[in-house]
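Working notes, beginning with the structure itself.
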Number of protein chains: 2
Amino acid sequence: MAQKVKLSTIAESLGLSTATISLALRDSPLVAVDTREKIKEQARLLGYIYNRRAASLRTSRSGIIGVVVHDIMNPFYGEILKAIETELDRSRHTFILSNHYDSVDKQRMFVETLLQLGGDGVIMSPAIGTPAEDVALAENNGMPAIFVARSMEGVDVPIYRGDDSYGISLATNHLIGLGHRSIAMIGGTDQTSTGRDRYQGYVNALRKAGIEVDPGLRIPGPRTKQGGFEAAVNFLSLPQKPTAAVCWNDLVAIGLMNGIARAGLIPGQDISVTGYDDLEEASIATPSLTTVWNGQAEVGRLAARALLDKLAGSHEPDGIHLIKPEMRIRQSTGPIRR
Amino acid sequence: MAQKVKLSTIAESLGLSTATISLALRDSPLVAVDTREKIKEQARLLGYIYNRRAASLRTSRSGIIGVVVHDIMNPFYGEILKAIETELDRSRHTFILSNHYDSVDKQRMFVETLLQLGGDGVIMSPAIGTPAEDVALAENNGMPAIFVARSMEGVDVPIYRGDDSYGISLATNHLIGLGHRSIAMIGGTDQTSTGRDRYQGYVNALRKAGIEVDPGLRIPGPRTKQGGFEAAVNFLSLPQKPTAAVCWNDLVAIGLMNGIARAGLIPGQDISVTGYDDLEEASIATPSLTTVWNGQAEVGRLAARALLDKLAGSHEPDGIHLIKPEMRIRQSTGPIRR
DNA sequence: CTGAAAGCGCTTACAG
DNA sequence: CTGAAAGCGCTTACAG
């Protein structure tokens with residue numbers, strides 16, 4: 001590798017000052033057009049690489065945006081990330097991604113690293129148990145935060161997520177409308193805002209229909225296919241013999257359907273199953289999954305836009321921005337069989 | 001937000017020099033133990049945030065490692081990334097992730113950004129059509145590259161991936177052993193080294209068994225569930241009436257099984273299907289998927305280790321490091337029905 | 001064991 | 001339209 005090419009290398013080779021080179025490369029109108037062209041050509045020839053660390057040390061903006069979620073391998077977050085990526089690419093920001101796996105420590109380390117790198121902002125789906133100080137750490141050091149998919153007490157940042165309580169009530173009402181009365185709720189936890197909201201939406205829908213809520217029909221568990229798959233055994237051995245299941249999300253629903261099928265029953269006929277999120281995969285599951293569209297792409301797009309706007313100086317209103325979920329009826333639900 | 005706390009802030013507050021502070025915070029034995037403790041305590045009190053850009057400008061090492069693959073939402077890459085993450089976390093490196101979606105331009109922009117940030121190294125699964133210059137760009141600027149999952153002509157970097165030709169022959173032989181003679185190959189492309197190797201392994205296995213290779217039984221397509229699902233229609237309408245399908249990967253296989261089931265046939269009984277990769281999901285698919293373990297976690301772990309070793313100065317041998325695949329027999333394959 | 005000083009590669013007022 | 005110079009916040013020989 002040859003000598004390192006920097007602004008002064010270009011400057012000397014052209015008999016100009018580094019100030020002029022710097023301005024020209026950033027398309028400043030202060031530099032005469034032909035000088036600018038000559039400079040750019042020379043930079044290309046010499047294989048110049050812009051040193052962002054030096055620039056950012058001077059300007060104190062890095063162009064880096066951090067994104068931290070529970071698990072990027074979960075397609076729910078994947079769909080949010082894809083939308084964020086699209087939006088940030090457009091504005092030439094670099095994004096740094098991390099999983100926190102609901103470890104508050106891992107999340108805090110990420111925020112610290114981001115601060116050390118001079119991150120301009122952070123989009124997070126806060127880990128369970130995140131203390132308000134960890135969010136304040138970012139904000140107090142000039143790195144605004146935006147939340148996606150999860151809320152948190154005691155912080156005052158913009159939040160983008162679906163209306164979980166309403167969404168799950170859509171699914172529950174759909175099953176009630178098909179004649180089901182014994183409806184289980186599978187997967188998830190009550191430790192997140194999302195979890196509490198979804199359970200509440202399910203409870204409210206049942207009550208409104210005059211159906212007594214049976215806590216024995218709640219089977220919490222991991223929010224994964226594996227979780228749904230393993231819940232199938234418990235579900236099928238419930239003494240209440242539920243005829244339908246409202247699942248925490250599509251992954252749990254697909255896992256549950258696999259488990260039900262293994263037991264020789266036909267999901268969508270013997271047992272009705274609803275998902276949540278409307279992942280790309282929901283429509284090609286067999287049977288295709290009745291689920292609730294949860295607007296992941298919208299959440300990601302809006303959150304990224306909000307952050308960029310904030311960085312550009314506009315004063316976005318804080319508080320919760322709820323995306324309205326919509327029902328997607330497919331083959332995994334059907335009328336109750338007598 | 002208060003005044004920015006920097007080394008000199010701490011230095012002044014304690015009546016010491018920035019040199020001493022800098023050394024103390026990095027645990028240099030040059031600083032007396034009690035001085036060191038006092039300094040660390042003060043740094044904590046003042047809420048000091050280490051400025052990595054400044055440090056890295058000085059030392060020309062950033063602690064940043066880039067990772068770029070086709071699509072992080074694909075669980076195959078997800079499993080590789082998870083292993084890389086585990087390995088890099090341990091050594092306190094920050095990793096920056098990107099998809100290239102097989103766009104050479106997007107990949108090059110990523111490499112350039114990484115160079116601008118002073119990236120120490122890059123792990124890549126090169127986009128289809130990557131020119132050797134794009135890899136040289138990284139290497140010539142002091143940023144070593146390691147490949148995962150895909151090879152490329154004309155570059156001399158360490159490569160970690162599965163032995164595709166051998167792996168697919170395992171799957172093909174398994175089907176032949178069950179009595180299948182008309183075996184289709186579904187999904188994938190011939191534009192990657194992986195694609196060519198897998199097709200060749202399939203062809204070789206057939207030939208070795210004395211089965212004529214019928215190009216009409218090759219149905220290329222996207223390497224996704226959706227791709228497999230959509231291929232089912234073509235597969236089922238082939239005039240050759242194949243009784244088995246070797247799929248490019250687990251995603252294609254699961255999609256194909258869904259499509260077959262939609263058509264009223266039972267995968268694993270009417271049609272035998274093999275996957276490739278042994279994703280976590282393979283074992284809970286219904287029927288559970290017979291597939292080939294492809295060592296994603298190994299690939300990620302070894303590639304990350306190799307890069308860290310290289311950065312630490314050791315001279316890893318370049319060239320291909322092949323992981324030996326293994327057969328995983330489950331329920332999606334069975335003896336041919338007459 | 002601690003300090004003074006130079007320098008990493010940019011950008012930005014300011015001067016001309 | 002272009003240049004000289006200061007400074008962003010660190011680290012590192014070097015001196016004491």
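Throughout, a chain's letter reflects where its sequence line sits, starting with A, and its residues are numbered from 1.
- Shown for residues 53-64 of chain A: residues whose heavy atoms fall under 4.0 angstrom of DNA chain D, namely A:Leu57, A:Arg58.
- Where A:Lys6 and B:Arg36 each meet DNA chain C at their nearest nucleotide, the meeting point lying more 5' is that of B:Arg36.
- In this structure, the separation between CG on A:Leu7 and OH on A:Tyr50 is 8.5 Å, given to the nearest 0.5 Å.
- Between A:Asp102 and the options A:Gln107, A:Gln191, A:His70, a side chain to side chain donor-acceptor pair (under 3.5 Å) holds for only A:His70.
- Applying the ring-ring contact (aromatic ring centres under 6.0 Å, His included) test to A:His321 and every residue at least two apart in sequence or in another chain returns A:Tyr160.
- Using a 4.0 Å cutoff to heavy atoms of chain B, the contacted part of DNA chain C runs 5' to 3' from C:dC1 to C:dG9.
- B:Asp120 has no carboxylate O lying under 4.0 Å from a charged side-chain N of B:Lys310, or vice versa, which leaves the two without a salt bridge.
- Applying a 4.0 Å cut-off to non-hydrogen atoms, the residues of residues 8-34 of chain A that approach DNA chain D are A:Gly15, A:Leu16, A:Ser17, A:Ala19, A:Thr20, A:Leu30, A:Val31, A:Ala32, listed by residue number.
- We find the CD1-NZ distance between B:Ile49 and B:Lys4 to be 7.0 Å, quoted to the nearest 0.5 Å.
- Looking only at atom types and distance, the side chain of A:Arg150 has no donor-acceptor partner in the side chain of A:Thr192 under 3.5 Å away.
- Screening A:Lys82, A:Arg301, A:Arg305 for a side chain to side chain donor-acceptor pair (under 3.5 Å) with A:Glu87, the sole residue that qualifies is A:Arg305.
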Parsed dot-bracket for DNA chain C after applying the Watson-Crick and G-U rules with both distances under 3.5 Å and | for other-strand partners is |||.||||||||.|||
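- With respect to B:Asp134, the side chain to side chain contact (heavy atoms under 4.5 Å, CB included) criterion is satisfied by exactly one of B:Val104, B:Val155, B:Val111: B:Val104.
- The line from CD1 of A:Ile65 to CZ of A:Phe95 is 10.0 Å long, rounded to the nearest 0.5 Å.
- Residues that satisfy the side-chain hydrogen bond (donor to acceptor under 3.5 Å, both in side chains) test with B:Ser98, not counting sequence neighbours, are absent from this structure.
- Between the CZ atom in B:Phe76 and the OG atom in B:Ser125 there is a gap of 7.0 Å [rounded to 0.5 Å].
- Between the side chains of A:Arg26 and A:Ser22, a donor-acceptor pair is found at a separation under 3.5 Å.
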